[in-house]
Structures are given as structure tokens and as C-alpha cells.
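None of the values given here were measured: they were computed from a predicted structure. Numbering of ligands and ligand atoms starts at 1, following listing order.
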Amino acid sequence: MGKLILLILFCHVSSAAKHSLKYFFTVSSGVPNLPELEVIAQVDDIMVGYCDPDTKIVEAKQDWVKKYLDDSPQQLEWYNAQCSYNQPNLLKATIFRLKQEFDQSGGVHVLQKINGCEWDDETDEGIGFHQYGYDGEDILFLNLTTLTWIALKPQAVVIKLRWDADMPRINYNKDFLTRICPDWLKKSLDYGKSSLLRTERPSVSLLQKTPSSPVSCHATGFYPHRAVMFWRKDGEDLHEDVDQGEILPNHDETFQMSVDLNLSSINPEDWRRYDCVFQLSGVEDDIVTKLDKAVIRTNEGKSEISAGVDQQHVSDLKAPDNGAELSMRLNPET
Ligand SMILES: *[C@@H]1O[C@H](CO)[C@@H](O)[C@H](O)[C@H]1NC(C)=O
Ligand SMILES: *[C@@H]1O[C@H](CO)[C@@H](O)[C@H](O)[C@H]1NC(C)=O
């Protein structure tokens, strides 16, 4: 549940060619098996640490993060504070207030806070962000120019007014988002450069559920997440009949994405004019896959296997938002 909402909000803060450090805080009410507070930290959309819900201390996900925190006791202390006292209480008070404002006495509710910063290593420009979502919709964010909270729903106005009056907290947030966060992000990129600044090319395959379904060009196993994929006809980019999917994380710190081509108005003899192109930031060569019946993987019994489909990544296709559809397209036995 938390993961799904995370993806919805995530779109607003992610952009093309930048590095990012993001913190996701999730509190829920009415969900029996979720910990009261879930906190994760991501660098370039890779999870680098989280709060252990039992010990309430930060756990590093990678060796370089351990080294970084060992070298930076003040940061370790800051992270542990995020896991323990002030965050849970502030977030719990906020979800309690929102339930009142929305007139909700029971049911399942989720409040999520996302803050952090982006930094462009070419222009050295950065931006900070700090926003809240409730039940999957954005409700509040901090405008760092006016230093005021913006309520995106009438029910959030009470909270906005209260938080606007808390100038010390706003100033702390501003300092954190515009000075401390970019500094920590740059240090992270330095400590983690061998993994964070690597490139990995994906395997690309063509998938089709039934003969009348769109053909999905699917790339999995790439890193970093700065990638684009599109269909071309006679070498020209296509926008019609194309459904661009979003970039989703795999379990092994790589990413996957797919772009669907609706074949219904395309003559079979014209298929050879189409190809799918995958471009990865920092890598010169594109991966080009021609639209060819012989390499399409289907779920129709006698499925053909395209060269280079990585079995490990096939199991990663059960991603939260398109998993159901993709697992129908792929026969796990193949
Ligand atoms: C913050 O406020 C300024 C001044 O009103 C405005 O120009 C800017 O677009 C706002 N920023 C966001 C992210 O809405
Ligand atoms: C494909 O295009 C046809 C005709 O343009 C349309 O009727 C059909 O709904 C489309 N299919 C999908 C899956 O979008």
C-alpha cells in the first residue's frame, strides 16, 4: 500500500538529468500489519537506508552508506532522530488532524511526507522540495521562495496556517533543503560512485499478451534511471499509437520500463518499418529492436524467446503498477 502511493507522489519530484536525495516518510492509520512509521532514503531513486521499525535506528542498505555514516557521526545522529522521536509524533498529529478535517472516523488512511533535493552535476543547480500527500493525493508543500506552506486541498488549510506561524521550523527546512541536503547528496555520490555512477545496459524484449494486444517493448536491468525509450517508424519518432510507461525499480537496483505500440492500424507488411529505441544517459549506443513477429514473446502456448532475456529480471516484472498485466503476458515456464 505504502509503495503504491510512493509511486504516485514520486512522479512530481523526479526529473530528467539530475541527481537526487529523497526521504520518504509514511504513517498510516487503520492498516494492521504496517509499522507505525516507515522511513526510507533514496539516492538517485535507489534505496540507501531505512529506519528499522523495531530498534528505531537507521540501517544502511549499502556498504558505502555504512562507511559514509561511520565517517559522519553528526549525520548518523540526524538520521536516528528522524527514525525516533520528532517525526513519528509530528506525522501522527498531522494524520489525526487530517482525519478530522476530512470527517473520517475510521478506515485506512496514509500520510506521506517526501522531502529532499535535486542537484544537476553539469549546471551545479539544485532545488529542494518538501511535500505531503494524504491517501495518494498531494495536499501540502513548502514554497521555498515565499517560505509559506501551500494547501492543495481546503482540508489542509488549518494545518497550513498553523505551520506558517512556525518560522523556526520553516527556516530549518529551508536550510536543510537548500544547503545541507545538496551537500549530503554530493558526498553520497562521492562515497557511492562505484555503484551510483555506473551504467548498465538492459536486455530489451518485445512482449505481446494476445495477437490483438499492443506490442510492448520492454527494457529491464538498466542503470541509472535516466533513460528514454520510444518507437520509430522509418526512423522518425512516433507519438501516436504509443503508450509510454514509467520507469520502475527492480529488486536488484536496476530499473525497467516499457513502451507499448498499438498495432491495430498497422499493416503486417509495414511492420519492418518500425523499431523500438532505448537510450541510456551516459551511453552512446542506442539499443534498437526491430518489430519482428519472430522475436515477440507471447503467452500463447508456443511462445518464442527473444535473445538475451534475463530470467532474473523476468521475475521482477511483477512491479506494483503493471505487474498483473505483465505477468499475464509472460509464461513463467518459458
Ligand atoms: C512559490 O511562490 C513563487 C512566488 O509566488 C512562485 O513564483 C512559485 O511558482 C512558487 N513555487 C511553486 C513550486 O509553486
Ligand atoms: C488501438 O487502436 C484502435 C484504433 O485506433 C483502438 O480502437 C483500440 O482501442 C486501441 N487499443 C488499445 C489497447 O489502445
Side-chain angles (χ1 to χ4, degrees), residues 8-16 18 20-23 112-120 123 125-134 137-154 156-157 159-161 163-167 169-179 181-182 206-218 229-233 236-246 257-271 273-274 276 291 293 296-300 317 321-330:
I8 295 167
L9 293 169
F10 167 92
C11 311
H12 299 259
V13 292
S14 148
S15 72
K18 288 170 189 155
S20 63
L21 171 59
K22 296 174 195 162
Y23 302 97
Q112 192 168 46
K113 171 176 121 175
I114 300 176
N115 64 351
C117 55
E118 287 183 344
W119 172 66
D120 189 319
T123 62
E125 278 167 14
I127 52 162
F129 45 84
H130 191 128
Q131 60 197 54
Y132 284 79
Y134 182 60
E137 292 191 72
D138 295 336
I139 49 157
L140 277 163
F141 73 92
L142 179 61
N143 184 315
L144 285 167
T145 310
T146 58
L147 296 180
T148 53
W149 288 91
I150 310 295
L152 301 168
K153 291 268 186 279
V157 170
I159 296 171
K160 170 217 155 37
L161 293 173
W163 289 359
D164 276 350
D166 190 351
M167 268 330 273
R169 182 171 156 232
I170 289 179
N171 285 327
Y172 168 78
N173 279 321
K174 182 187 177 196
D175 186 49
F176 180 77
L177 299 172
T178 58
R179 189 180 62 84
C181 179
L206 301 180
L207 312 170
Q208 193 179 26
K209 193 157 57 176
T210 70
S212 57
S213 315
V215 167
S216 173
C217 182
H218 183 259
M229 192 157 75
F230 51 90
W231 282 96
R232 283 189 316 204
K233 181 188 183 184
E236 299 274 327
D237 298 5
L238 271 184
H239 300 288
E240 270 168 48
D241 303 323
V242 166
D243 188 12
Q244 177 86 50
E246 57 181 317
M257 76 188 299
S258 54
V259 52
D260 289 357
L261 177 68
N262 184 346
L263 293 174
S264 60
S265 52
I266 301 175
N267 272 328
E269 57 263 33
D270 285 336
W271 277 34
R273 298 166 65 186
Y274 290 80
C276 164
L291 180 58
K293 220 173 196 107
I296 295 177
R297 293 178 55 133
T298 70
N299 214 10
E300 305 269 293
L317 293 179
D321 93 333
N322 62 354
E325 204 191 335
L326 277 168
S327 53
M328 280 170 66
R329 284 184 207 168
L330 285 170

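Remark: side-chain polar atoms of Asn267 are not paired, donor with acceptor, to backbone N or O of Glu269 under 3.5 angstrom. The main-chain N or O of Asn171 is never found under 3.5 Å from a side-chain atom of Asp175 such that the two would form a donor-acceptor pair. Without hydrogens or angle criteria, Gln208 side chain to Ser213 main chain gives a donor-acceptor distance under 3.5 Å. Here the side chain of Thr123 pairs a donor or acceptor atom with the backbone of Glu125 at under 3.5 angstrom.
The protein heavy-atom contact nearest to atom 14 (O) of ligand 2 is Asn262 ND2, 3.4 Å. Scanning the protein heavy atoms around atom 13 (C) of ligand 1, the nearest turns out to be Phe141 CE1, 3.8 Å. Of all protein heavy atoms, the one closest to atom 5 (O) of ligand 2 is Ser264 OG, 4.3 Å. Closest to atom 10 (C) of ligand 1, if we only count protein heavy atoms, is Asn143 ND2, 2.5 Å.
Classified by interplanar angle (parallel below 30°, tilted 30° to 60°, perpendicular above 60°), the ring pair His130/Trp149 is perpendicular.
Within a 4.0 Å radius of atom 7 (O) of ligand 1, the protein has no heavy atom.
Using a 4.0 Å cut-off between heavy atoms, Pro214 contacts ligand 2 through its side chain alone, with no backbone atom that close.
When only interatomic distances are considered, the shortest N/O to N/O separation between Thr146 and ligand 1 does not fall below 3.5 Å.
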Residue pair Trp231, Lys233: steps toward the side-chain contact (heavy atoms from CB on, under 4.5 Å) verdict: CA-CA 7 Å; Trp231 282 96; Lys233 181 188 183 184; over 6 Å; no
